[in-house]
> 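First, the structure itself, so that you have it in front of you.
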Amino acid sequence: MENDALIALHAINFSYPGGPQVLKNLDFNLYAGERVGLLAPNGSGKTTLFHVIMGLLKPNRGRIVLFGQPAEKETDFAVARRRIGLLFQDADDQLFSPTVLEDVAFGPLNLGKSRDEAIALARQTLARLGLSGFENRVTFRLSGGEKRLVSLATVLAMEPEVLLLDEPTTGLDDRTRETLAGLINDLDLAYILISHNTHFLEETTDLTYSMEDGHIKTDEALHFHEHVHAHKHGRIPHQHE
Amino acid sequence: MITEPLAHGDSYLHRLDPRLRVITAAAFSCTVAVFDAFPALATACGTALALLLLSGLEIRAALRRLAVVLGFLLLLWLVLPLTFEGAVAAGLGPVNLYWPGITLAAQISLKSTAIIAAFTALAATMPISTLGQALARLRVPAKLVYLLLMCYRYIFVIEKEYHRLHTAMKIRGFRPRTRLHTYRTYAYLVGMLFVRAAARAERVHQAMNCRGFNGRFHSLAVFPPHPANRWFAVAAGSVMVVLLWLEWSG
């Protein structure tokens, strides 16, 4: 069973030097086609979890198996990173090239694609996200929403098999959030999505877990449901969320 | 907000190959910097100002650039004629104005105006990203090029962080005064900017690693050939020959 998982984490323990233990005996598997949401309070270790999966942080204890291969050394993670895309919380961390096209082509070029292939792939990815015409825009002059979408393009251009999305909706207005939800829903790959926005999670994921006390509560998936409530007509107009 | 007001235009100079412009500006500046003869310096200054006109920049924007140097030159004119002793040009009561000082101030003025005008016309008329790509194509070491591009990319982020911190200080009633509290607050501000910049650098590096970065940068830039390039190269070469002749014959 474990070898079928794209990402398998076993008894992961992680603490920052001199800090409290963030991940405690965390077990988690992600299988092909799964769309998992993670809902958890700030500081509960979600971002840490993503960074552990990508090998950016080394767990104190535990085993990580990526695509059926144990990942221990930097070289193991370097191979796996080609197949896992991580969307950072802050788009400014992700977009470092002067122009949008260069930034989107950066990943494919690193994967050994030729210049023309990389450009074609970058243009194609931008078009898919409705960003045609953004090629020569300067990355730091984009709006917050545009930055987020371009960041997503930089990750998708590498044609990953798994996507890790770290609070993709932060700082987005309703309309951009809708666009993003639509785009994410159209993706044909497995992903884990961290968000505080239950509505967004409901739209984009099939399963939502909460994270508590350093581990993911896989035994009790959250179910979203709406309450309808009734009351007498009041004289003061009001709205329901 | 830091801007590149001159970078986007559609003049003859804007259309030239960025590499050619960088090389011309660099060669011109290095040569002019060592000139002494006035005919050569005056011609160089005239050529550079003509280039500035050719670049189609708004006269006021270009003058504002020059004004930065002019302020500095004014200071030289105040100091050098009085202090660089030699043949006396004029006596003003107890102080004398000396010829060598006047000559030197005039040389420096012509040189700096020529160099600034040439760089404004040739180099400031391209976005920094293009400049970086041109330097990369000219085989400037990739590390230096990316140092330039990364600085340029993140200076805006750091500027924004600075404004955020500064606003946070202001809304809590911070007013700069000449006292220890002010100095300490500014020190915290600068320290915080450094800490944030370091943390930012760490995250950018992680993000690059996640996208398979292996220490090699790739440039996508292509500079298509244009007939204007050849003519400009010939003209620039001829001007340089004339300048060198004026310097040596003078």
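Here the structure is a predicted model, which means the values were calculated and not measured. By convention in this document, chain letters (A, B, ...) are assigned in the order of the sequence lines, proteins followed by strands, and residues within each chain are numbered from 1. Side-chain atoms are counted along with the backbone in the values below, which use heavy atoms only and exclude waters and symmetry mates.
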> Decide if atom CZ of R137(B) counts as having more than 12 heavy atoms of other residues, nucleotides or ligands within a radius under 6.0 Å.
yes

> Tell me whether the rings of F140(A) and Y152(B) are parallel (<30°), tilted (30 to 60°) or perpendicular (>60°).
perpendicular

> With sequence neighbours excluded, tell me which residues meet side chain to side chain contact (heavy atoms under 4.5 Å, CB included) with V22(B).
M126(B), L131(B), A134(B), L135(B), L138(B)

> Determine the minimum heavy-atom distance between N110(A) and R211(B), stating which atoms define it.
ND2-O, 3.0 Å

> Which atoms of Y154(B) are under 4.5 Å from chain A, going by heavy atoms: the side chain, the backbone, both sets, or neither?
side chain

> In this structure, are over 12 heavy atoms from other groups packed under 6.0 Å from R115(A) atom CZ?
yes

> Might you confirm whether atom OH of Y12(B) has over 12 heavy atoms from other residues, nucleotides or ligands at distances under 6.0 Å?
yes

> Output the residues of residues 93-107 of chain A for which the shortest heavy-atom distance to chain B is under 4.5 Å, in residue-number order; output 'none' if no such residue exists.
D93(A), Q94(A), L95(A), F96(A), S97(A), P98(A), L101(A), E102(A), D103(A), A105(A), F106(A), G107(A)

> Who in residues 196-206 of chain B is close to chain A, using a strict under-4.5 Å heavy-atom cut-off?
R200(B), R203(B), V204(B), Q206(B)

> Hey, which residues of residues 150-158 of chain A are touching chain B, say heavy atoms under 4.5 Å apart?
T154(A), M158(A)

> For the residue pair C210(B) and F88(A), what are the closest heavy atoms and their distance?
SG-CE1, 4.2 Å

> Flag yes if more than 12 heavy atoms outside R15(B) fall under 6.0 Å of its CZ atom; otherwise flag no.
yes

> Which bit of L86(A) is near chain B, if near means a heavy-atom gap under 4.5 Å: side chain, backbone, both or neither?
side chain

> Against chain A, work out which of G132(B), G212(B), P127(B), S129(B) has the most heavy-atom pairs shorter than 4.5 Å and name it.
G212(B)

> State whether the number of non-hydrogen atoms from other residues, nucleotides or ligands found under 6.0 Å of K58(A) atom NZ is greater than 12.
yes

